[in-house]
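Lettering follows sequence order; numbering is per chain, from 1. This one's a predicted model, so the numbers in the text were calculated from it and none came from an experiment.
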Amino acid sequence: MSDKVVTLSEAVGLVEPGDTIALGGMTLYRRPVAFARELIRSRVKDLTLLALTAGYESDLLVGAGSVRRVRTCYFGLEIFGLAPMFTKKARDLEIIEETEVSLALGLRAALSGIGFQPARAWQGTDLLKVRPDVKTISCPYTGERYVAFPAIKPDVAVIHVQESDCQGTAILKGNLALDREMALAAKQTIITTERLVEEVEGQIATFPSRVDAVVLAPKGAYPTSCYPYYRLASQEVLDYVDACSRGEFEEYLARFLDGGEVGER
Amino acid sequence: MSDKVVTLSEAVGLVEPGDTIALGGMTLYRRPVAFARELIRSRVKDLTLLALTAGYESDLLVGAGSVRRVRTCYFGLEIFGLAPMFTKKARDLEIIEETEVSLALGLRAALSGIGFQPARAWQGTDLLKVRPDVKTISCPYTGERYVAFPAIKPDVAVIHVQESDCQGTAILKGNLALDREMALAAKQTIITTERLVEEVEGQIATFPSRVDAVVLAPKGAYPTSCYPYYRLASQEVLDYVDACSRGEFEEYLARFLDGGEVGER
Amino acid sequence: MGVRLGSADRFTIDELIVTCISRQAKNSDLMAQGIATPLVVAGYILAKLTHAPDLIFAVAIGGCITNSWAPLSISRAEEANLERPLYIFSFDEAAGTLMFTIQPKEFFRPAQVDPRGDFNNVVLGDYYAPKLRLPGCGGIADVTNYSPRVYLYVPRHSRAVFVERLDFVSGVGVLEEEERKELSILSPGPRYLVTNLGTFDFEGGRMRLLSYHPGVRVERIQKKTGFPLAMAPDLHETPPPSAEEVMLLREEIDPLGIRELERLSGGRRRAKLREIIEREAEGF
Amino acid sequence: MGVRLGSADRFTIDELIVTCISRQAKNSDLMAQGIATPLVVAGYILAKLTHAPDLIFAVAIGGCITNSWAPLSISRAEEANLERPLYIFSFDEAAGTLMFTIQPKEFFRPAQVDPRGDFNNVVLGDYYAPKLRLPGCGGIADVTNYSPRVYLYVPRHSRAVFVERLDFVSGVGVLEEEERKELSILSPGPRYLVTNLGTFDFEGGRMRLLSYHPGVRVERIQKKTGFPLAMAPDLHETPPPSAEEVMLLREEIDPLGIRELERLSGGRRRAKLREIIEREAEGF
């Protein structure tokens, strides 16, 4: 099998302006932060950012102007509060409202090779008003009306994993989020990994036939966590929030971009 | 939590004539054979037998006259050939054609709390002709026509597992078949288990809130396998096929019913 | 509001809210934990350590189901949840089938609530030109379509939260039977609400005061609510936490006082956060 | 037909079929194994041991994906597959999403095939009063709606198998573009068919002879087929297995001769089965 190991900057080269890019992990856990750093450096713009829950690196991408459109069910910093740049720029972003079900079933529809998946969700809320593209459908058995969530097929998925081999067979420990689904549904999939191994052990999370690039990125999720290798670097996230609250996003961003592949306290 | 441990015969008491009973495992692997034995003894009739793939114990249930209706995508004995009693009685049974997708998505619809699940399946075949209850649906996005598989909600699911606690938190090793889905979707779920343990280790396969009875049944899958405890008892299955080919099903059945909870060679 | 040290019959409002949450958990219940909800996590653990030892948790951080617990933590929440999981789920499974089937109880924290229990976690002000964009509703718009086990908590009861009309509906309240049927909604709406002033339900489709917290007058609760409240016939004072409950909370469950963060904002919140994180780093 | 011992340039028809199956596997392919298909399993392993070392298997017995293999076995197939699985799947996932997405190649064994490659695994004779009820189609009616990697094999080529009109359609063949579109079918139909007489495709929507096996005359193949065959322009003799392939099959992959079962029936099949099972029990 062909070796797919490339550098971060080569991997970022797979992203085109206007792409929908799906980032794995959840909020502050196992985020592809090293990739996001390189993506900001690359100055690719106009991206649609897709995430189960968008957090630290997503806020940096928004602050740096890489993102035009956001698709997520939550954009924030959990116990650290609102995501400062998302909150500040919300009026200028195009926000495509999603929920856990619309994201999960949207990817599932793509994985099933069909145009939609039905669910008992969203009705009685204003989500259907601000997502006029989302249709409803009548159950041929019960007559009930369900929401028909449209397929979501990201252009690029970026998943940070604990271990991968050179062909992109990777494993995930803990916290699966929607990573396996993103990696399978995307047109191109990039794995960034803490470790490159000869052969992974345990239930695999990705299939090499659906992986295009593998990047060795130790500490590649820092300051978000990569269980069980390192935990959330809370002080760093708080430093970010504090910097933004002082109006010093640009200074923080410069430090972040300077930070190389690995940040350490 | 309440202890749900009962005897096989108490567990069989949960099955009513006319019920749809879902049996876990696959063909010759991890089948609830001890339960099937007790079910035949109970003389409950008119059952609808639901299985991913129906094999040894299913054929005994059919031969013994417990079953009126069969829902499965395969009824046979794999390398041992056709299932003799199913083949013999096929004209008298009501056979509801299923496939892997119709079973998996039927259970999934029930688990999702909706009436159907769409799939790209069955079209261009005669299955839709012999299943006029199965409808099609038009995708509101692509305009394509998909089959809308109706929800399947078994009355009783019976799953043979390697280990369970007294409340019905069980694990499965290897071969998941559709057991987790059956156990969750059924109105009542019965676990038969090789071992009763204080606490299971590893990813659980059942949730105690959805389990009604737990039966200690060592060798409860014999002569089918229970990986990794014992393998398929090929000679016993072949003896069954040979007996049937000599027209000696009744004699075999009598021996089977005599066999107690445990068969050994 | 800080922890008042002293005899255990004294308690803070955070501790009372946690205790009210705890009391909604019955033994063997499955309790779902969202993100950034320390009051809820503390309440669930308190229940497990008192009247509901068999409680099981479905946790978003770590993405798993577990029956073990650890003291509240910011940096270590994930590893604590993943230490001995019963079941690790993907959100495809969780959102697609599992949560509908195993039906956990979950406490949500709305930014706005209307009289019938609809709620909002998406935006304040006009959707297209918001005064404040909120993080989003997670799975609330999904869960409130089917779950009979939706619970609410509001740490800062005010007329900004309890409004006659929401800026955006992202969680469904108590609908008329006909409307529910038309929208294929199975959920009967939120079952319970606890705030820093009292406890409530939405019986009959209107927010109703069940109990006022010790020292809080009913008039004050009504004044802080942007619409008329119904009153339960057996309206009473909220039973305070027991000495044991307060002790467990302060010493076992949340020695760092993370639960207090939910009632703070701005610079005070960040300062408290830094204090907690520094104490965690020192190994507390 | 038993294994003819002797020099390795001699081979049985089973071994030729296995070799043809093997040649359809390209390196790094994912190959799906159904149940009761020893010729297919032997073919996949042969490919892995020769030209396709990185082959991965999606196996029904054990319900997993694995890249390891073990000699063919009846009693031990499950434990062999589960010894070092890469991925254990539930059939919910497999049938619902995974197989569509990772698109394995799979060889199916039909009971009947029509000229355009529709096939039948459900019933012989009238559906409601069958001459012979077959086990059922498994996932064939699903897979043939979407997969571009459907392959067929028929160990006993006869006019009973290759019929102008099927008793029941449970697998979809090569449809006209318009019909495929109307039925939302993505699959182009079966790509390849190997029988005990030759190899075929369905190019242009009609079964077409690609090669005749050594010693088989084209006229015999046509005579054993219930409809007129098209002929490939480069019609040729099927290349025989190499000495190494035959050796691997007999000594490494299937020393018990389980692959022969697919060409036997009735009492002879049961006798062979008993012989194999007894040898397995003795520890072969």
Visitor: Would the Phe91(C) and Phe89(C) ring centres measure less than 6.0 Å apart?
Guide: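 They qualify: ring centres under 6.0 Å apart.
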Visitor: Looking at chain A, which one of Tyr146(C), Tyr128(C), Phe100(C), Phe168(C) has the largest number of heavy-atom pairs inside 4.5 Å, strictly under?
Guide: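 Result: the option with the highest number of such pairs is Phe168(C).
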Visitor: For Ile95(A), is it the side chain, the backbone, both or neither that has a heavy atom under 4.5 Å from a heavy atom of chain C?
Guide: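 The answer is both parts of Ile95(A).
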Visitor: Picking from Gly139(C), Gly63(C), Ala95(C), Gly62(C), which has the most non-hydrogen pairs under 4.5 angstrom with chain A?
Guide: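 That would be Gly62(C).
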Visitor: Identify which part of Thr142(A) has an atom lying under 4.5 Å from any heavy atom of chain C, answering side chain, backbone, both or neither.
Guide: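 The answer is neither part of Thr142(A).
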Visitor: Picking from Cys137(C), Ala60(C), Ala129(C), which has the most non-hydrogen pairs under 4.5 angstrom with chain A?
Guide: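 Looking at each option in turn, the highest pair count goes to Ala129(C).
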Visitor: For the residue pair Tyr44(C) and Phe107(C), categorise the inter-ring angle as parallel (less than 30°), tilted (30 to 60°) or perpendicular (more than 60°).
Guide: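 Rings of Tyr44(C) and Phe107(C): tilted, 30 to 60°.
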Visitor: Hey, are Glu97(A) and Arg131(A) close enough for a salt bridge, meaning a charged N less than 4.0 Å from a carboxylate O?
Guide: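 The answer is no: the pair does not qualify as a salt bridge.
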Visitor: Does any heavy atom of chain A fall under 4.5 Å from the side chain of Leu183(C), the backbone, both, or neither of them?
Guide: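 Contact with chain A involves both backbone and side-chain atoms of Leu183(C).
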Visitor: Side chains of Glu280(C) and Ser73(C): donor-acceptor distance under 3.5 Å anywhere?
Guide: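 Yes, a side-chain donor-acceptor pair sits under 3.5 Å.
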Visitor: Between Val122(C) and chain A, which part of the residue has a heavy atom less than 4.5 Å away: side chain, backbone, both or neither?
Guide: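 Only the side chain of Val122(C) comes within 4.5 Å of chain A.
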Visitor: Go through Leu178(A), Ile79(A), Leu77(A), Leu52(A) and name the one with the most non-hydrogen pairs under 4.5 angstrom from chain C.
Guide: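 Result: the option with the highest number of such pairs is Ile79(A).
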Visitor: Quick one: what part of Glu144(A) sits under 4.5 Å from any heavy atom of chain C, side chain, backbone, both or neither?
Guide: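 Contact with chain C is through both the backbone and side chain of Glu144(A).
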Visitor: Look at Gly138(C), Ala141(C), Ala36(C) and state which one has the largest set of heavy-atom pairs under 4.5 Å with chain A.
Guide: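 Most heavy-atom pairs under 4.5 Å with chain A: Gly138(C).
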Visitor: Quick one: does any side-chain atom of Asp242(A) pair with a main-chain N or O of Ser245(A) as donor and acceptor, under 3.5 Å?
Guide: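 No; judged by distance alone, with no hydrogens or angles, the pair does not exist.
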Visitor: Gly171(C), Gly96(C), Ser170(C): which one forms the most heavy-atom pairs within less than 4.5 Å of chain A?
Guide: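 Looking at each option in turn, the highest pair count goes to Ser170(C).
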Visitor: With a 4.5 Å cut-off on heavy-atom pairs, point out which of Ala54(A), Gly124(A), Gly81(A), Gly76(A) contacts chain C the most.
Guide: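 Of the candidates given, the most pairs with chain C belong to Gly124(A).
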Visitor: Side chain, backbone, both or neither: which part of Tyr127(C) has an atom under 4.5 Å from a heavy atom of chain A?
Guide: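 Side chain of Tyr127(C) only, per the 4.5 Å heavy-atom cut-off to chain A.
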Visitor: Salt bridge (Lys or Arg N to Asp or Glu O under 4.0 Å) with Arg180(C): which of Glu176(C), Glu178(C), Glu182(C), Glu177(C)?
Guide: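 So, applying the salt bridge (Lys or Arg N to Asp or Glu O under 4.0 Å) to Arg180(C) and each of Glu176(C), Glu178(C), Glu182(C), Glu177(C), only Glu177(C) qualifies.
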Visitor: Under 4.0 Å between a side-chain nitrogen and a carboxylate oxygen: does that hold for Glu78(C) and Arg231(A)?
Guide: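 Here Glu78(C) does not pair with Arg231(A) in a salt bridge, since their nearest N and O are not under 4.0 Å apart.
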Visitor: Does Lys173(A) pair with Glu163(A) as a salt bridge, N-O distance under 4.0 Å?
Guide: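 Salt bridge between Lys173(A) and Glu163(A), a charged N being under 4.0 Å from a carboxylate O: yes.
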Visitor: Side chain, backbone, both or neither: which part of Cys64(C) has a non-hydrogen atom closer than 4.5 Å to chain A?
Guide: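 Answer is neither: Cys64(C) stays 4.5 Å or more from chain A.
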Visitor: Whether Arg259(C) and Asp14(C) form a salt bridge (side-chain N of Lys/Arg under 4.0 Å from carboxylate O of Asp/Glu) is what I want to check.
Guide: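 Salt bridge between Asp14(C) and Arg259(C), a charged N being under 4.0 Å from a carboxylate O: no.
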Visitor: Would you call Lys131(C) and Asp167(C) a salt bridge, using N to O less than 4.0 angstrom?
Guide: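 A salt bridge is absent here (no side-chain N lies under 4.0 Å from a carboxylate O).
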Visitor: Using a strict cut-off of less than 4.0 Å between a Lys/Arg side-chain nitrogen and an Asp/Glu carboxylate oxygen, indicate whether Asp126(A) and Lys129(A) qualify as a salt bridge.
Guide: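 The answer is yes: the pair qualifies as a salt bridge.
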Visitor: Heavy-atom pairs under 4.5 Å with chain A are the metric here; pick the option from Ala94(C), Ser90(C), Gly173(C) that has the most.
Guide: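 So the answer, after comparing Ala94(C), Ser90(C), Gly173(C), is Ser90(C).
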Visitor: Select one option (side chain, backbone, both, neither) describing which atoms of Arg180(A) are under 4.5 Å from chain C's heavy atoms.
Guide: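 Just its side chain gets close to chain C.
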Visitor: Side chain, backbone, both or neither: which part of Leu107(A) has an atom under 4.5 Å from a heavy atom of chain C?
Guide: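 Neither part; nothing is under 4.5 Å.
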Visitor: At a 4.5 Å cut-off on heavy atoms, which part of Leu238(A) comes close to chain C: side chain, backbone, both, or neither?
Guide: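 Contact with chain C: backbone and side chain both.
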Visitor: Any idea which of Ala90(A), Ser234(A), Ala104(A), Pro228(A) has the most non-hydrogen atom pairs under 4.5 angstrom with chain C?
Guide: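 Most heavy-atom pairs within the cutoff with chain C belong to Ser234(A).
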Visitor: Could you tell me whether Arg274(C) and Asp239(A) make a salt bridge, using a distance below 4.0 angstrom between a side-chain N and a carboxylate O?
Guide: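 A salt bridge is present here (some side-chain N lies under 4.0 Å from a carboxylate O).
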Visitor: Would you call Lys272(C) and Glu275(C) a salt bridge, using N to O less than 4.0 angstrom?
Guide: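 Yes, this pair counts.
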Visitor: Between Arg145(A), Gln117(A), Gln123(A), which residue shows the highest count of heavy-atom pairs closer than 4.5 Å to chain C?
Guide: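 When all of Arg145(A), Gln117(A), Gln123(A) are compared, Gln123(A) has the most.
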Visitor: Sort Ile140(C) into side chain, backbone, both or neither according to what part of it lies under 4.5 angstrom from a heavy atom of chain A.
Guide: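 No part of Ile140(C) comes within 4.5 Å of chain A.
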Visitor: With a 4.0 Å cut-off on N to O distance, would you call Arg109(C) and Glu262(C) a salt bridge?
Guide: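 Salt bridge between Arg109(C) and Glu262(C), a charged N being under 4.0 Å from a carboxylate O: yes.
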Visitor: Could you check which of Thr136(A), Val237(A), Leu172(A), Val130(A) has the highest count of heavy-atom pairs closer than 4.5 Å to chain C?
Guide: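 Greatest number of close heavy-atom pairs with chain C: Val130(A).
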Visitor: Chain C: which of Leu105(A), Leu232(A), Thr53(A) shares the most heavy-atom pairs with it under 4.5 Å?
Guide: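 Top option by heavy-atom pairs under 4.5 Å: Leu232(A).
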Visitor: Side chain, backbone, both or neither: which part of Ala77(C) has a heavy atom under 4.5 Å from chain A?
Guide: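 Looking at Ala77(C), nothing touches chain A.
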